[in-house]
Amino acid sequence: MISKGEQVIREWYRQKNWTQFAFQKEMADAYLSGFSGLLNAPTGSGKTFALFLPFLADFINKHPENYTTQKNNGLLMLWITPLRALTNDIKKAMQEVCNDIGLPWTILTRTGDTSAADKAALKKKLPEVLLTTPESLHLMLAQKEYPKMFQNLQVVVIDEWHELLGTKRGVQVELGLSKLKTRSPLGEGWGGLRIWGISATIGNLEQAAEVLLGNDFPAERIKMVRANLDKKLDIRSVIPENIENYSWAGHIGVKLLPQVMEIVARSKTTLIFTNTRSQSEIWYHAILDNYPEYAGVMAMHHGSLDNELRNWVEQALHAEALKVVVCTSSLDLGVDFRPVDTVVQVGSPKGVARFMQRAGRSGHHPGAVSRAYFVPTHSLELLEGAALKQAIKQGVFESRDPMLLTMDVLIQYMVTLAVSDGFRADELYSEVKSTFAFADLRRDEFNQLLDFITNGGKTLAQYDEFLKVEIENGLYKVNSRRVAMRHRLSIGTITSELSIRVKWLSGGSLGTIEEGFVAKLKPGNTFWFAGRSLEFIRVKEMTAYVKKSNAKKGLIPSWAGGRMPLSSQLSAVFRDKLDEVAHGIEQDIEVKALKPLFDLQAQLSHLPQRHEFLIESFKSREGHHLLFYPFEGRLVHEGMASLLAYRISKIKPASFSIAMNDYGFELLTDEDIPIEKALEDVAFFSIENLLDDIQSSLNSNEMARRRFRDIAHIGGLVFTGYPGQPVKNKHLQASTSLLFEVFNEYEPDNLLVRQAYNEALAFQLEEFRLRAALQRISTQTIVLKTIERPTPFAFPIMVDSLGRERLTTETMEERIAKLARNYAVDDTEKLPKTRNRKPGITRKKGF
DNA sequence: GACCTGCTGCGGATTG
């Protein structure tokens, strides 16, 4: 005997002519039996229905006779997604089902886009289902009498949980949930509220569920539902026709444009993913220049383009009006674009999961094949193509590590609650302790935070602006309207640099570029942005005004952003591939194509096997070069380079400059380096004294100061300004820097400062990975080769070397002069030609 | 001739 609700679901699938997948049945069973848990399903697999339909069935079962007239029960389902854009898509799908089965419900969304009138209406009459973002959830918690809003809540769904996990937005979700569970009508604690996460496949699914549900969730009420859909992937590398002439270094990859355009021509709709916004612009421009027939059926999509422009592109993709879109990861999530049948990835995707995610953008029908091409931007990167295929075959996925004890997020949350109805310390402490993130929060730490929001802590007590929260009969409350307003304005954990808006003189916005780029422009200059040729007119009030230009050439802006290292999973498979090469047992076409390159590497130096660690040493007019190849990603290399430089300098004082990429790093000095002696020293690669040596070798103070900027924003120590009137970056930097100094000097045990140091260690240095890499190297056989000239492994690193960082305080002028004097012409002349870089241009420090 | 790495994500008041 099946229930009325289940009948309705089945009937709905039948009418749609859809088959109900096994995982959808399993999901319905779990839901209807009252479980909470995690649904592991890829986008476009019908996961929304998998959760929404059982929820409806459950409701129908409670009112089997008259469900079509039931309404106004209050908010029953809260659906949280990380993306504003997704809320409307999902709302449409849900509303359709309700209409189909005759349920008189309105599905609403509440995000920053929601009009003030709708937000006010929402307070008066609650919808049965509400779709929102983590930030909006916290804004709701900052409203007076917010418990009323959630008093009937039955289920919370966190969509794309893998996207939030591992970020401070994820911690925000954990805290929000810890509050909602206490508001459940079905009993205190985890009495009845069901919580479901939806996640794509990641390396730590079990942990993802654990983090979502918190520490006190009864294990017997947790289910993991997996959509074992067999998605067919067809992955191919684009192999340069003449590998011996292909660049040894470089990141743009435009040389392979003809091959890519052949793929585009063969396909219906292609997404070309690039790794940076600037690279998107360059590729778009290159296509327009060389294949003008694509004008009109080609578009671009990245994070600095105006929203309106991006919405248009998304619509046009749906409407099958576009043949090719050049984009960054701004298109690798969310909305499903059915017409897309081919994905091209230009340059290393840096991780297996990211590549899968992007490949999955093509062939978005059940049963369709996802077709993805990998385009290397330099020769050695082709080996990553082989590694990617192997990793996918083996099902190797990166994990998303949950963030722990993020005090800035907690402070923000405490003030949020104080702004609305206020909180009591003991109660809040136990709620917060129930989250995964704050399971280890000590009471004295919590008290320190309480002291901080009420008295400004030890150091800021005399400044009124830090005394936000007052205590009335044990209730922590914000009474100042100004403090409350400012706080609501700064809820959220995403911080970003100030940018300059680009607008037509005639009105209408194109997007944003960075201050530094605008500073390079003179009125009348042409630059390319958003795929158009623009003439720069002037800057006024954070806006650059432009008009259309007919110039064919122009500067292309670049943006400063995060630098993702090669993931440790992909690095490991990359090393496996290299081992195959060294043993001559390579099978992959990528590796076979690279044979000439590897032969040269073997001839000039050595091809390391799994148990070997290669170090190359050579002298040029620039000085003594040492090259190390851990193949562990650039962040680890950066840390390891500084560490080894420090350890060498203990044997013989020297000043080093450092260059690195995802495969290895270089140490360069004008002194003779006693490398053999250093290698004899057992402690050279040792993890003993690692933290101390890191402290001495790197400017950890500066690294922490950088992290502290964001922490201070999130923790509400600085006010970033009213909408439309941002506080100047310079001022913000000065004030966070000052705060950092003050804490460092007078309150070294300050929790936010401690957090800054921890974040720097974990994210800037990837300390955990660095440790593992050193341990691996200490078991390997060191192969030290003296080489005559840069090898295929060395060259890409050395090309980047002009952006190298000085470990000593040698001034810039001296450096440039020395470079100009010593630039080793005879060494570089023989090398394959790559892009030109102006000597003397330095890249900003990484931290 | 220039450009030649560096992603993504959200939210928002009041006064005059």
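Chain letters run A, B, ... following the sequence lines, proteins first, then strands; residues in each count from 1.
In the displayed structure, A/Lys553 atom NZ is contacted under 6.0 Å by at most 12 heavy atoms of other residues, nucleotides or ligands.
Counting to the nearest Å, the C1' atom of B/dC7 and the CZ atom of A/Arg400 are 12 Å from each other. Atom CH2 of A/Trp283 is separated from atom P of B/dC4 by 18 Å (rounded to the nearest Å). Atom-to-atom, CG of A/Leu498 to C1' of B/dG11 comes out at 15 Å; the value is rounded to the nearest Å. Between the CG atom of A/Leu331 and the P atom of B/dT8 there is a distance of 10 Å, rounded to whole Å. Regarding A/Asp118, its CG atom lies at a distance of 13 Å from the P atom of B/dG12, rounded to whole Å. Spacing between atom CZ of A/Phe719 and atom C1' of B/dA13 amounts to 8 Å, rounded to whole angstrom units. Distance CD (A/Gln345) to C1' (B/dG6): 14 Å, rounded to an integer number of Å. Atom CG in A/Asn307 sits roughly 8 Å away from atom P in B/dC10 (whole-Å rounding).
No side-chain donor-acceptor contact under 3.5 Å links A/Thr328 and A/Arg277. With hydrogens and angles left out, the side-chain atoms of A/His487 and A/Thr416 include a donor and acceptor closer than 3.5 Å.
If you check every strand for non-hydrogen atoms under 4.0 Å, A/Gln172 touches nothing. A/Leu164 comes within 4.0 angstrom of nothing in the nucleic acid, heavy atoms only. Residue contacts shown for A/Ile494 include a base, since a base heavy atom lies under 4.0 Å away. Using a 4.0 Å heavy-atom cutoff across all strands shown, A/His302 reaches sugar-phosphate atoms only and no base atom.
Between A/Ser330 and B/dG9 there is no side-chain polar atom (N or O) within less than 4.0 angstrom of OP1 or OP2. Between B/dG11 and A/Thr133, a contact under 4.0 Å exists linking OP1 or OP2 to a side-chain N or O. Look at A/Lys119 and you'll find a side-chain N or O under 4.0 angstrom from OP1 or OP2 of B/dG12. At the phosphate of B/dG9, OP1 or OP2 sits under 4.0 Å from a side-chain N or O atom of A/Arg310. The phosphate of B/dA13 has neither OP1 nor OP2 within less than 4.0 Å of any side-chain N or O from A/Arg481. A close approach under 4.0 Å does not occur between any side-chain nitrogen or oxygen of A/Arg84 and OP1 or OP2 of B/dT8. At the phosphate of B/dG11, OP1 or OP2 sits under 4.0 Å from a side-chain N or O atom of A/Ser136.
Every residue meeting the salt bridge (Lys or Arg N to Asp or Glu O under 4.0 Å) condition with A/Lys168, not counting sequence neighbours, appears here in chain and number order: A/Asp408, A/Glu759.
Comparing B/dG12, B/dT14, B/dC7 by their nearest atom to the side chain of A/Leu489 picks out B/dG12. Closest contact between the side chain of A/Glu135 and the listed nucleotides B/dC10, B/dA2, B/dT5 involves B/dC10.
Taking the six-membered ring for Trp, A/Tyr413 and A/His138 have ring centres closer than 6.0 Å.
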